[in-house]
Protein chains: 2
Amino acid sequence: MESTPSRLATKASWLVSQTAVHVRRLIGDEFAAAGSRGYHYRVLAALQEFGPASQAELGRRCRMDRSDVVQAVTELERQSFVERSADPADRRRNIVTITGAGRQQLRRLDRTLDTVQDELLAPLSTAERQTLVALLAKVVKHHGDTPTS
Amino acid sequence: MESTPSRLATKASWLVSQTAVHVRRLIGDEFAAAGSRGYHYRVLAALQEFGPASQAELGRRCRMDRSDVVQAVTELERQSFVERSADPADRRRNIVTITGAGRQQLRRLDRTLDTVQDELLAPLSTAERQTLVALLAKVVKHHGDTPTS
DNA sequence: CCATTTCGTTGGTGACACCAACGATATGAC
DNA sequence: GTCATATCGTTGGTGTCACCAACGAAATGG
C-alpha cells in the first residue's frame with residue numbers, strides 16, 4: 001500500500017479531516033438506511049432535550065444555517081417526525097415540535113450512533129477515548145467561544 | 001448563547017466533525033487566497049515527497065478518488081504547478097511532475113498550514129497536542145488498515 | 001489468446017457548510 | 001408614534017470533499 005505524504009500524516013488538520021471522513025462514512029450508511037441524515041438527528045436531538053423551538057434557535061443550537069434548518073424541518077415534517085406551527089406570540093417564528101414517531105426515530109438513531117462510536121474508537125482504550133473526547137471538546141469549545149464572524 | 005444538545009456535545013463523532021468544520025474554515029480561506037484548495041495541496045505534497053507519479057498512485061496516496069485526481073491535476077497544470085506527460089513504459093498512465101512554481105506554491109501552503117495548526121490547537125498545551133495527534137493517528141491508521149471496501 | 005485488471009476520463013450524486021436577498025414582523029431609540 | 005434596525009423563515013444559489021458508474025485504451029496473467 002502506498003503511504004501518504006508525511007506532510008499530511010503528521011498534521012492535526014489532516015488527521016481530524018480524515019477521521020471526520022470515517023465518521024461520515026459510518027454514520028452516512030446507517031442513517032441512510034433509517035431514512036435520515038446528520039442534520040435530521042441534530043434537530044431531533046435539540047427538540048428532545050430542550051423542547052419545542054423556533055427554527056432559528058434550532059440552527060444556533062445545532063450549528064446549522066437557517067436555510068438548512070428549513071430543509072431539514074421540511075423533510076422531518078414530511079416524515080411526521082416533527083410538527084411546524086406558527087408562534088402566536090411572534091408571527092415571524094415557527095414553533096417546531098417533536099412527535100412520538102420522532103422520538104422513536106431519535107432513539108433508533110441514538111442506538112446506531114452508539115455502535116458507530118465503538119467502531120470509530122475501536123483502536124483506543126477506554127482511557128484513551130476519554131482523553132480524545134476531552135481534548136476535542138476543548139478545541140471545539142475554544143472555537144465556539146471565539147467565533148470566526 | 002444557546003447550548004448544543006448534550007447528545008451531540010459528548011459524542012466523539014460530533015466533536016470530530018465539528019473540529020473538521022473548523023479545519024475546513026481555517027484552511028479554506030487561506031488556501032482560496034492562494035488560489036488552491038485541499039486537493040491541490042495533497043497532490044503537490046505527494047509529488048514533492050515521492051517524486052513524479054501516476055494519477056492513480058496520487059489518488060491512493062492522498063486518499064482521493066481517481067476522478068478527483070483528474071480535476072485537481074488539470075487545475076494544477078493550468079496554474080503551471082505540475083506537468084502531465086505520457087508514460088512511455090505504460091501508455092495507460094500519465095506521469096505527473098511538480099514544477100518549480102509548484103514547489104514554491106507548496107512552500108507557501110505549508111507555511112499557512114503551520115499557522116492553521118497553531119490556531120486550531122490554540123487551547124491545548126504542547127503535550128496535549130502531541131497526545132491528540134497520536135490518538136487520531138491511531139484511529140486513522142486503524143481504519144486505513146481495515147478499509148471499508 | 002482471452003479474461004481480467006488497471007488507468008484516465010467524463011459526468012453524474014450526496015452531505016455539509018455557507019451566502020445573498022426577500023418580505024414579513026418585532027423591537028428600540030428618539 | 002415613527003422610523004431605523006434587527007430577526008425570522010424562505011428561496012435559490014455556491015463550494016468542497018467524497019464517491020459512483022461507465023467507457024475506451026492499454027497492460028497483464030493464465
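The sequence lines fix the lettering, A, B, ..., with proteins before strands; numbering per chain opens at 1. Heavy atoms only: backbone and side chains are in, while hydrogens, waters and symmetry mates are out.
If you check every strand for non-hydrogen atoms under 4.0 Å, A:Val70 touches a base. Among the atoms of the strands shown, only primed sugar atoms or phosphate atoms (P, OP1, OP2) are found under 4.0 Å from some heavy atom of B:Gln18. In this structure, A:Ser17 reaches neither bases nor backbone, as no heavy-atom distance under 4.0 Å exists between it and the strands shown. Residue B:Gly28 is classed as having no contact, given no heavy-atom separation below 4.0 Å to the nucleic acid. As judged by a 4.0 angstrom heavy-atom cut-off over every strand, A:Val69 is placed among residues making no nucleic acid contact.
A distance of 11.5 Å separates CD of B:Glu119 from CG of B:Asp114, quoted to the nearest 0.5 Å.
Put simply, CZ on A:Arg84 is 15 Å from P on D:dC8, counting in whole angstrom units. Look at CZ on B:Arg66: it is 14 Å from C1' on D:dA18, rounded to the nearest Å. If you measure from atom CD of B:Glu75 to atom C1' of D:dG15, you get 12 Å, rounded to the nearest angstrom. Here D:dG13 presents its C1' atom at 11 Å from CD of A:Gln71, a figure rounded to the nearest Å. Atom C1' of nucleotide D:dT7 and atom CG of A:Leu58 are separated by 15 Å, given to the nearest angstrom. Atom-to-atom, CE of A:Met64 to C1' of D:dG9 comes out at 14 Å; the value is rounded to the nearest Å.
Residue pairs meeting the salt bridge (charged side-chain N to carboxylate O under 4.0 Å, His left out) criterion with at least one partner in residues 99-109 of chain A, sequence neighbours excluded, are absent. The salt bridge (charged side-chain N to carboxylate O under 4.0 Å, His left out) contacts involving residues 9-24 of chain B comprise A:Asp110-B:Lys11, where partners must be two or more places apart or lie in separate chains.
Heavy-atom distances to DNA chain C give each of B:Asn94 and A:Arg37 a nearest nucleotide, and the one nearer the 5′ end belongs to B:Asn94. Taking the nucleotide of DNA chain C with the nearest heavy atom to each of B:Asp68 and A:His40, the more 5' of the two is matched to B:Asp68.
With sequence neighbours excluded, the residues that form a side-chain hydrogen bond (donor to acceptor under 3.5 Å, both in side chains) with A:Ser13 are B:Gln117. Shown here are the side-chain hydrogen bond (donor to acceptor under 3.5 Å, both in side chains) partners of A:Thr4, two or more places apart in sequence or in another chain: there are none.
Taking the 5' to 3' direction, DNA chain C first and last meets chain A under 4.0 angstrom from a heavy atom at C:dA15 to C:dA26.
Between A:Glu49 and A:Arg61, none of the side-chain N atoms (NZ, or NE/NH1/NH2) sits under 4.0 Å from a carboxylate O, so this pair counts as no salt bridge. For the pair A:Asp68 and A:Arg63, the salt-bridge criterion is not met [side-chain N within less than 4.0 Å of a carboxylate O].
At distances below 3.5 Å, not a single donor-acceptor pair connects side-chain atoms of A:Gln105 with backbone N or O atoms of A:Gln79.
No more than 12 heavy-atom neighbours from other residues, nucleotides or ligands sit within 6.0 angstrom of CD on B:Glu83.
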Reading nucleotides 24-30 of chain D 5' to 3', which nucleotides get B (base under 4.0 Å from a protein heavy atom), which S (sugar-phosphate only), which -?
--BS---

